[in-house]
Amino acid sequence: MSLSNHPKAYGSAAVAVAFFAGVLLTLGFKDLYPDLERRYRRRRGQPASSSDSRPGSTYLPPVKLEDHTRSARQSMVALPIPEGIEGCIGNTPLFKIKSLSEATGCTILAKAEFLNGAGGSPKDRVALNMIKMAEEEGLLTPGQGDTIYEGTVGSTGISLATLARAKGYKAYICMPNDQSTEKSDLLHHLGATVERVTPAPITSTEHFVNLARTRARQQTASADDDSKGFFADQFESKANFQAHFQTTGPEIYHQLGGQIDAFVAGAGTGGTISGISLYLKQEMGMGPNLKVVLADPEGSGLYNKVKNGVMFSNTEKEGTRRRQQVDTIVEGIGINRLTENFEAGRELIDDAVKVTDLQALKMARWLVEKDGIFAGSSSAVNCVAAVVTALQMPKDSRVVTILCDSGTRHLSKFWKRVGEIGLEQEHEDDLLVLLGIEPEG
């Protein structure tokens, strides 16, 4: 039986053959078309189009199917999520300050402590540890109106005020009235009570630290309720240097694989330089292989204590000081008494560098101009001392220092002074000439 005897079957077969022939013709013409197009253009004298470079056939890579189901997402390894703002403290970056490294021939590295997530300074570590230890000892109980009292020039108070709210406490801060106003303004916005007082000697009951201690005792002794007043006592509390021994020191060591030649830092309470030095020199056994250098501003007696064993400064003679505490525009470091925290690591400090106010101001402006770093006054002092230290070290040595806080906390005083003396218009490209530092040798 032939297809001609069955018209319907014959028609269906013809359609099928035509369909497959059309498919084959289309596929073949797709590959043939570019060649035909090129020949046609050459005959007409037209330039070849950019499409001539395309291959005769188009290759499509195999499609990769991804599993976006809930079970697949749950099987992925997730990064740990911090628990509250206190979980954002620590593990700050360590980075190379390029301009200072190029100027000295050493690698100068900065621990970016201004990136701590609560109060934006190394005092976050200290404040958190002081609160934890107070809770363990029953000196603080969250949710019953307990208040944390502290005498501070700013940064510790900011960290305490932030963490107090996060952990169910109130904060009461006593500070000298010659500190930058943005610090006290910030404390107010953080919900702290701020008492600004006239600077007074540490022997006076009106000294800001002694006043905070008194206010804490007054609340605890009050019969109005069961709330307690806790005096944090950052200058003498062991929780201070222990915070840096337990966290900052180990971070620096592991970030550099233990390859550190010098560590440079200022001292206010002394907790940072002591805690880190104790960890690196004793805990990790670096000992004499690590040079620890104190960065000290004008008017502070710590430089003389390290260099000469005597707590004395000519600018601290009676009747010669411009202000009661320390004769400098720098805030946060420099002191004229020995604290428990400084004493904890004093024997591990190998050298000290005295930094003038003018050097600190110039360094702050240099860091903005050359590196885009907007630092506070104590950070500027640390960087000057790091440069001086690097010039005394073998080439390619690694020198680590601390960037404590941002320049935004120093606008009305330190950075205002930078503008007043015209440093924002100066453009000196030689760092050592700018700072008035003579290179070693």
Look at the side chain of T104 and the backbone N and O of L100, then say whether any donor-acceptor pair between them is shorter than 3.5 Å. yes

Any side-chain donor near an acceptor of the partner, T401 and K111, under 3.5 Å: no

Is there side-chain contact between T141 and K228, with heavy atoms separated by less than 4.5 Å? yes

For the residue pair H244 and T272, confirm or rule out a side-chain donor-acceptor distance under 3.5 Å. yes

Answer yes or no: is there a side-chain heavy-atom contact under 4.5 Å between V400 and V264? no

Check the surroundings of atom NZ in K238: do more than 12 heavy atoms from other residues, nucleotides or ligands lie under 6.0 Å from it? no

With no hydrogens and no angle check, is any side-chain donor or acceptor of D350 less than 3.5 Å from a backbone partner on V292? yes

Establish, yes or no, whether a centroid distance under 6.0 Å links the rings of F231 and Y149. no

For S274 and N341, test the side chains for any donor-to-acceptor distance below 3.5 angstrom and give the result as yes or no. no

Side chains of T408 and W415, heavy atoms from C-beta outward: is any pair under 4.5 Å? no

Aromatic ring pairing Y279/F245, orientation class (parallel under 30°, perpendicular over 60°, tilted between): perpendicular

Carboxylate-amine/guanidinium proximity below 4.0 Å for R365 and E369: yes

May I ask you to decide whether R213 forms a salt bridge with E150, counting only side-chain N to carboxylate O separations under 4.0 Å? no

Can E113 and T92 be said to form a side-chain hydrogen bond (donor to acceptor under 3.5 Å, both in side chains), step by step? CA-CA 6 Å; E113 286 294 277; T92 54; 2.6 Å; yes

Can you confirm whether more than 12 heavy atoms, excluding those of D226, are under 6.0 Å from its CG atom? no

Before accepting this row, confirm whether a basic side-chain N of the pair K362/E428 lies closer than 4.0 Å to the acidic partner's carboxylate O. no

T162 side chain to I158 main-chain N or O, any donor-acceptor pair under 3.5 Å? yes

Taking N240 for the side chain and V126 for the main chain, is one N or O donor matched with an acceptor at less than 3.5 Å? no

Side chain to side chain contact (heavy atoms under 4.5 Å, CB included), that's the test. Do I89 and L163 meet it? Break it down for me. CA-CA 11 Å; I89 297 172; L163 292 170; 4.1 Å; yes

May I ask you to decide if L432's main-chain N or O and D430's side chain share a donor-acceptor pair within less than 3.5 Å? yes

Are S237 and D233 linked by a side-chain donor-acceptor pair shorter than 3.5 Å? no

Given 3.5 Å as the limit, does a donor-acceptor pair link the side chain of E135 with the main chain of L140, or not? no

Going by side-chain contact (heavy atoms from CB on, under 4.5 Å), K123 matches just one of T269, T152, D405. Which one? T269

Can you check side chain to side chain contact (heavy atoms under 4.5 Å, CB included) on I273 and F241, steps first, answer last? CA-CA 8 Å; I273 194 168; F241 81 83; over 6 Å; no

Using a 3.5 Å distance criterion without hydrogens, assess whether the side chain of E182 forms a donor-acceptor pair with backbone atoms of H410. yes

Checking T107 side chain against R398 main chain: does a donor-acceptor pair fall under 3.5 Å? no

So does M393 get a backbone contact from the side chain of S397, meaning a donor-acceptor N/O pair under 3.5 Å? no

So, E343 and R346, do they make that salt bridge, N to O below 4.0 Å? yes

More than 12 heavy atoms of other residues, nucleotides or ligands under 6.0 Å from CD of E438: is that the case? no

Among side-chain atoms of T147 and Q219, is any donor-acceptor pair under 3.5 angstrom? yes

Would you say R196's side chain and Q179's backbone share a donor-acceptor pair under 3.5 angstrom? yes

Side chains of Q144 and S227, donor plus acceptor under 3.5 Å: no

Is a salt bridge present between D351 and K307, judged by a nitrogen-to-oxygen distance below 4.0 Å? yes

Say whether T328 and D357, considering side chains only, have a donor N or O and an acceptor N or O under 3.5 Å apart. yes

